[in-house]
There are 2 protein chains.
Amino acid sequence: MCNHAAKLCGLLLALASSLPLRAEEATQPKPATLSDVLAASAPSDWRAVDAENTLYLELPAGRVIIELAPQFAPQHVANVKALVRERYFDGLAILRAQDNYVVQWGDPNAETADKARKVVSAKKSLPAEFDRALDEKLPFTRLPDGDVYAPEVGVSGGFPVARDPKSGRMWLVHTYGMVGAGRDVPADSGGGTELYVVIGHAPRHLDRNVTLLGRVVQGMELLSTFQRGSAPMGFYDKPEQRVAIKSIRVAADVPAAERTNLEVLRTDTATFARLLESRRNRREEWFHYSAGKIEIGNVSIPVRPAAPADTKAK
Amino acid sequence: MCNHAAKLCGLLLALASSLPLRAEEATQPKPATLSDVLAASAPSDWRAVDAENTLYLELPAGRVIIELAPQFAPQHVANVKALVRERYFDGLAILRAQDNYVVQWGDPNAETADKARKVVSAKKSLPAEFDRALDEKLPFTRLPDGDVYAPEVGVSGGFPVARDPKSGRMWLVHTYGMVGAGRDVPADSGGGTELYVVIGHAPRHLDRNVTLLGRVVQGMELLSTFQRGSAPMGFYDKPEQRVAIKSIRVAADVPAAERTNLEVLRTDTATFARLLESRRNRREEWFHYSAGKIEIGNVSIPVRPAAPADTKAK
């Protein structure tokens, strides 16, 4: 909401961080903005996205990149990769776009026995992986400001996570860009043949009701701008409204030259802690009031193109 | 995340609420779903949107309807209406669409003195209305589950509101569909010549940093699907990417036959309290786990077409 003059506003912010400090300010560390934190990050603060746990969803408008979360939904991740490797999704379609909620894709003919896409070696459905045992050994950067829905929330391995020490459980939570496996009424009726992504305010009431299995790390704007479907729940009621999926591939199966190599900021680092602080208390000149808090839905985890291999420090 | 078979899922839910109850269930009130609550609402649970405080933003794709909040931003609401009535916005454009954040409109030439749209009788800028004195006489339906950012949150007159009894202040909060007045760095540099709407997860760090003045009650899907701008902060860098605004009108100034008459569920009613409960604990068969909580960003306030005047009960 920087005004339009606010391209200006953006420029001012960029300038501000390079202005010389006044003498009295120079004696103590300057409160950091997000730009400051990222500019000061070390190469070791970033990790490459693992090609074996990355999907490329190829749409007519471009590539959407999904990082999978095998530590939270191992069976679903394995099954989605099996589906991808038997080309299950190629030529299927975006079935649903519901405003401020989800975009979902799968087989438009799933309910018509003779036309439905065959599942060959993968599984059609799986037991739910709504949550898992809380493992203290998994990295967990806890947010200091609490949460309306869960006893503890934070970030683990680049994913938004809730924990309940009392029940000894932890689970991925529904925030913008999270990807899950659609299901029917029975808990074990999902498995990955239909996938959805959150395109609106975090629908946290879905937590522990559906298996989340990954997060979009690039290309959300290709999904979030689909025309909304006019049938109930945002389904497209006319076949011609559906956008076709060109293909989904596991990045590791794509020739190196065609990959999009990304790095994600590690979330178990001092740099990430500083990033959280820069978002809890905005230091940019535009802000007159500092919230001093952050909610899990407002934590975004930086992603950047990986440096080409030959320019990397030896 | 109902599966595709989930049109099915939707149907089951619809059916479920019309199935006969078993004898033992019939003796106590059935836990209500949202559909149950709305079906049982009385005409008096709804209020007409006040035409004098409603804007029609006319886009090539259709009409977006904004309800203004004069009880929270009286000067900004008056000024935006003055701008609208001098046709300030007609022919201006959508300037910015930033994914998971905001869409913003105004004058593409605002910074070019000889080309900028003239402000005639309205004001170019105004003192901020970031918050207001807490008035216990304003209706306030408080949410029971707390909030990460504010001491109290709830709904007042159809708008999401936070309150701080200690400081004696209350303010509108940034949730999906809320509309505010863009500004530059000085707090008093806004005024309504540029307006933005939230199209993503509630950016609550903007609360008390910008003047909110209304809420989109119809047509969000026309705004949320704009192609995202590729310049910083989602600005469009090429003029041809900008969608033109046909006009903005105060509904009261539009001939009766061309109005879209809407009703909003009153938020200071027992029906709304039941609605909140139906959203805190989902009773639909699809849900296996009940959150038992609701966060302000997940409260949506029902809007429906008003019954034509001649069919209304006398």
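- Ranked by heavy-atom pairs shorter than 4.5 Å toward chain B, the options A:Gly146, A:Ala150, A:Ala202 are led by A:Ala202.
- Heavy-atom distances place both the backbone and the side chain of A:Phe287 under 4.5 Å from chain B.
- Here the OG-OH distance, from B:Ser300 to A:Tyr101, works out to 10.0 Å after rounding to the nearest 0.5 Å.
- At a 4.5 Å heavy-atom cutoff, the contact between B:Ile294 and chain A is made by backbone and side-chain atoms alike.
- Only the backbone of B:Asp147 comes within contact range of chain A, judged by heavy atoms closer than 4.5 Å.
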Review item, side-chain donor-acceptor pairs of residues 210-220 of chain B, under 3.5 Å, at least two apart:
| unit_1 | atom_1 | unit_2 | atom_2 | d |
| --- | --- | --- | --- | --- |
| B:Thr211 | OG1 | B:Glu129 | N | 3.0 |
| B:Arg215 | NE | B:Gly158 | O | 3.3 |

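- Contacts with chain B were tallied for A:Ala187, A:Gly292, A:Gly200; A:Ala187 has the most, counting heavy-atom pairs under 4.5 Å.
- For chain B, the nearby part of A:Gln227 is the backbone; its heavy atoms alone come within less than 4.5 Å.
- Each of B:Arg279, B:Arg280, B:Arg282 was checked for a side-chain contact (heavy atoms from CB on, under 4.5 Å) with A:His205, and the lone residue meeting it is B:Arg282.
- Within the 3.5 Å criterion, the main-chain N or O of B:Ser290 finds no donor-acceptor partner in the side chain of A:Arg208.
- Taking the six-membered ring where tryptophan is involved, the planes of A:His201 and B:His201 are essentially parallel, since the angle between them stays under 30° and well short of 60°.
- For the residue pair B:Asp207 and A:Tyr289, no side-chain donor N or O sits within less than 3.5 Å of a side-chain acceptor on the partner.
- For a residue to count as touching a neighbouring chain, one of its non-hydrogen atoms must lie under 4.5 Å from one of that chain's; by this rule A:Asn281 does not touch chain B.
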